[in-house]
Amino acid sequence: MAYWLFKSEPSTWSWDQQKAKGDAGEEWDGVRNYQARNFMRQMALGDLGFFYHSQSEKAVVGIVEVCALAHPDSTSDDDRWDCVDIKAVQDVATHVTLDQIKADPRLEDMVLVKNSRLSVQPVTKDEWTIVLALGNTRLLAP
DNA sequence: GCCAACGTTGGC
DNA sequence: GCCAACGTTGGC
């Protein structure tokens, strides 16, 4: 089981919109970056991820699960671009802001801090646990 | 709204 | 295969 972080501008695709899709989930399309695509190709069904709002909010707001393996991105006719589908799992009780993450020395190596422009990123198990704790969030049993 | 950082593109 | 130009992202 691996952990990830998906970043979105709430004005483009928000956590509320993601939740509205329910268990059907939604393509994480529109990624045109090789690193991000390669991470999506590594994802397995059931992998979990944080849903992060960039721009105005800059906070981890939700937890998602990979519900379809990498497949061609329906918004591109260029076959280089693949994407996974993700579905909302639960809210992060207390949003974890970028400021909090930056202020925590245990999280200084997070990709979010070191490479803020990467829109799909790996998260280590330790980082996952720490951010969940900061968010006062306990993962519900599957 | 600005600007720095970075990734991609295309010409050579 | 290199590198300059350009576009985009995201934090401030």
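Fair warning: this is a prediction, and the values are worked out from it, not measured in the lab.
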Is the closest side-chain heavy-atom distance between A:Q18 and A:I86 below 4.5 Å?
yes
Taking only residues at least two apart or on different chains, which pairs with a member in residues 111-121 of chain A satisfy side-chain hydrogen bond (donor to acceptor under 3.5 Å, both in side chains)?
none
Using a cut-off of under 3.5 Å, enumerate the N/O to N/O pairs linking the protein to nucleotides 3-5 of chain C.
none

Can you confirm whether the side chains of A:S11 and A:Q55 place a donor and an acceptor under 3.5 Å from each other?
no
Among side-chain atoms of A:R32 and A:T75, is any donor-acceptor pair under 3.5 angstrom?
yes
Before we go on, tell me: are the rings of A:F51 and A:W28 under 6.0 Å apart, centre to centre?
yes
Centroid separation A:Y52 to A:W15 less than 6.0 Å:
no
Which of these, A:V111, A:V120, A:L112, sits in a side chain to side chain contact (heavy atoms under 4.5 Å, CB included) with A:L5?
A:L112
All N/O pairs under 3.5 Å across the protein-nucleotides 6-12 of chain C interface:
| from | atom 1 | to | atom 2 | distance (Å) |
| --- | --- | --- | --- | --- |
| C:dT8 | O2 | A:R117 | NH2 | 2.7 |
| C:dT9 | O4' | A:R117 | NH2 | 3.4 |
| C:dT9 | O2 | A:R117 | NE | 3.4 |
| C:dG10 | OP1 | A:K7 | NZ | 3.3 |
| C:dG11 | OP1 | A:Y52 | OH | 3.3 |
| C:dG11 | OP2 | A:Q55 | N | 3.4 |
| C:dC12 | OP1 | A:K102 | NZ | 2.8 |

